[in-house]
Amino acid sequence: MKELEGYAGIVTGASSGIGLAIANSLAEAGATVYIISRTGKVKEGYPESVPGTVHIKGDITNVESMKKICAELADKHDGHLDFLVNNAGATYKCLAQDVPAEEFDRVINVNVTCVFRMCQICYPYLKKSPHKGRIINISSMSAHLGFTQVVPYCTSKAAVCGMTRGLAVEWAEDNICVNSIAPGWFHSKMLDDVMDDDRRKRILNRIAVHDFGKTEDLGAMALFLIGPHGSYITGQDYALDGGTLAYGY
Ligand SMILES: NC(=O)c1ccc[n+]([C@@H]2O[C@H](COP(=O)([O-])OP(=O)(O)OC[C@H]3O[C@@H](n4cnc5c(N)ncnc54)[C@H](O)[C@@H]3O)[C@@H](O)[C@H]2O)c1
């Protein structure tokens with residue numbers, strides 16, 4: 001029997017990158033994984049999603065439609081869901097003094113407000129999970145380190161860590177574990193498309209192991225936190241960063 005046989009849950013924004021890798025790892029471990037994305041299918045240039053994944057078209061900023069979708073999904077599983085991975089994220093690149101108010105609000109809305117709303121929406125279903133409900137929020141190294149030109153993003157990801165700890169404490173008595181994963185620099189199509197040799201070298205110099213991560217490793221981490229061995233872990237932010245946060249310059 002596979003580790004997540006009989007489990008069902010949601011990964012948001014998993015039509016590409018990290019979310020897709022996490023969704024595939026959970027599905028390969030036997031779970032039914034509902035991928036909620038604005039495209040409703042894998043984006044061009046990314047690997048296919050594996051059997052066990054189900055694509056659903058949806059925008060996490062549309063709270064009413066999220067309520068309907070999550071209720072319908074829970075209905076398929078005796079009124080419960082076992083996990084929620086809040087992966088969908090947005091950013092805006094610009095010097096802090098020039099960030100338009102609406103862009104700051106957009107990043108905070110997608111990365112913080114809607115993550116919180118998804119947790120609230122799924123709470124009654126996760127609470128009923130026979131496996132102990134799990135929430136994983138995808139944070140970032142930028143919750144812990146300063147990066148230039150992405151201050152709204154840094155702000156939002158630090159908020160995700162605070163939210164994770166607060167929910168973990170409050171919902172522990174409801175049998176729900178809440179953790180976050182902070183990815184460092186990961187091999188992705190996006191990264192490969194925009195990275196010139198100079199920038200690559202500069203970044204690699206700041207990673208203790210001098211290499212980028214593989215998104216499958218984030219999938220393995222999510223699998224561990226959602227699986228049976230993760231049931232005593234809550235309120236943590238796990239950095240998968242090749243020692244970037246540990247590095248003293
Ligand atoms: N790639 C990295 O190195 C890295 C590092 C740290 C944190 N992260 C975080 O990992 C997560 C995934 O990022 P990624 O690198 O795979 O990039 P990505 O752009 O491939 O993934 C983000 C996904 O979120 C989706 N999304 C955005 N707004 C949405 C909405 N309103 N409704 C539904 N889906 C929406 C996008 O369409 C996209 O598929 C994000 O939360 C990001 O902040 C990534």
Side-chain angles (χ1 to χ4, degrees), residues 3-4 7-14 17-27 29 31 33-36 60 70 80-89 110-145 153-154 156-184 186 213 215-246:
E3 201 174 343
L4 296 190
Y7 285 59
I10 294 169
V11 184
T12 66
I18 289 172
L20 179 59
I22 290 177
N24 280 346
S25 292
L26 301 178
V33 182
Y34 298 105
I35 292 178
I36 299 181
I60 61 158
C70 296
H80 73 259
L81 290 170
D82 303 301
F83 57 86
L84 165 67
V85 180
N86 280 307
N87 164 78
V110 174
N111 294 1
V112 184
T113 312
C114 293
V115 167
F116 182 61
R117 296 293 277 149
M118 284 302 291
C119 292
Q120 281 185 316
I121 291 168
C122 292
Y123 164 77
Y125 314 127
L126 293 167
K127 197 175 153 175
K128 289 191 203 144
S129 166
H131 307 290
K132 208 167 180 177
R134 312 291 163 88
I135 294 174
I136 298 176
N137 297 321
I138 303 302
S139 62
S140 166
M141 280 186 305
S142 65
H144 310 284
L145 290 173
Y153 183 77
C154 295
S156 72
K157 292 299 183 176
V160 164
C161 292
M163 185 197 310
T164 298
R165 283 189 290 271
L167 289 177
V169 171
E170 196 166 316
W171 289 353
E173 63 191 44
D174 296 309
N175 256 347
I176 302 173
C177 296
V178 190
N179 293 289
S180 54
I181 295 177
F186 274 78
T215 51
E216 305 88 85
D217 294 346
L218 293 164
M221 187 69 191
L223 172 57
F224 177 75
L225 289 173
I226 287 169
H229 300 296
S231 67
Y232 192 59
I233 304 172
T234 198
Q236 302 301 312
D237 183 50
Y238 284 97
L240 268 75
D241 68 346
T244 305
L245 290 178

> Check whether any side-chain heavy atom of Asn86 sits under 4.5 Å from a side-chain heavy atom of Cys119, and report yes or no.
yes
> Please confirm whether the backbone N or O of Ile138 pairs with a side-chain atom of Lys157, one donor and one acceptor, at under 3.5 Å?
yes
> Answer yes or no: is there a side-chain heavy-atom contact under 4.5 Å between Phe83 and Val33?
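Heavy-atom side-chain distance check passes, below 4.5 Å.
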> Using side-chain heavy atoms (C-beta onward) and a distance below 4.5 Å, is Leu167 in contact with Tyr123?
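Sidechains of Tyr123 and Leu167: no contact.
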> Between Ile181 and Ile18, is there a side-chain heavy-atom distance shorter than 4.5 Å?
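In short, these two side chains do not touch, never coming nearer than 4.5 Å.
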> Is a side-chain donor or acceptor of Asp241 paired with a backbone partner of Pro183 at a separation under 3.5 angstrom?
no
> Which pair of heavy atoms, one from Ala222 and one from Ile22, lies closest together, and at what distance?
CB-CG2, 3.7 Å
> Grab the two heavy atoms, one from Cys114 and one from Ile60, that are nearest each other, plus how far apart they are.
SG-O, 3.5 Å
> Taking the side chain from Asn87 and the backbone from Gly13, do they hold a donor-acceptor pair closer than 3.5 Å?
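Yes, the answer is positive, given that a donor and an acceptor are paired below the 3.5 Å cut-off.
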> Please collect all side-chain hydrogen bond (donor to acceptor under 3.5 Å, both in side chains) contacts where either partner lies in residues 161-172, sequence neighbours excluded, each pair once.
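Residue pairs with at least one partner in residues 161-172: Asn137-Thr164.
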> Nearest 0.5 Å please: distance from the OG1 atom of Thr215 over to the CG atom of Leu20.
8.0 Å
> When rounded to the nearest 0.5 angstrom, what distance separates CG in Asn179 from CG in Leu225?
5.0 Å
> With a 4.5 Å cut-off on side-chain heavy atoms, are Ser231 and Arg134 touching?
yes
> Nearest 0.5 Å please: distance from the NE2 atom of His144 over to the OG atom of Ser139.
5.0 Å
> Minimum heavy-atom separation for Cys177 to Thr234, with atom names?
CA-OG1, 3.4 Å
> Determine the minimum heavy-atom distance between Cys122 and Ile10, stating which atoms define it.
SG-CD1, 4.1 Å
> Just one of Leu26, Leu223, Ile226 clears the side-chain contact (heavy atoms from CB on, under 4.5 Å) bar with Glu3, so which one?
Leu223
> Decide yes or no for Tyr153 and Asn111: does some side-chain heavy atom of the first lie under 4.5 Å from some side-chain heavy atom of the second?
yes
> Could you tell me which non-hydrogen atom of Cys70 sits nearest to which non-hydrogen atom of Leu81, and how far apart they are?
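Nearest pair, atom of Cys70 first, then Leu81: O-CD1, 4.3 Å.
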> Taking all non-hydrogen atoms of both residues, which atom of Tyr7 and which atom of Asp82 are closest, and how far apart?
CA-OD2, 3.2 Å
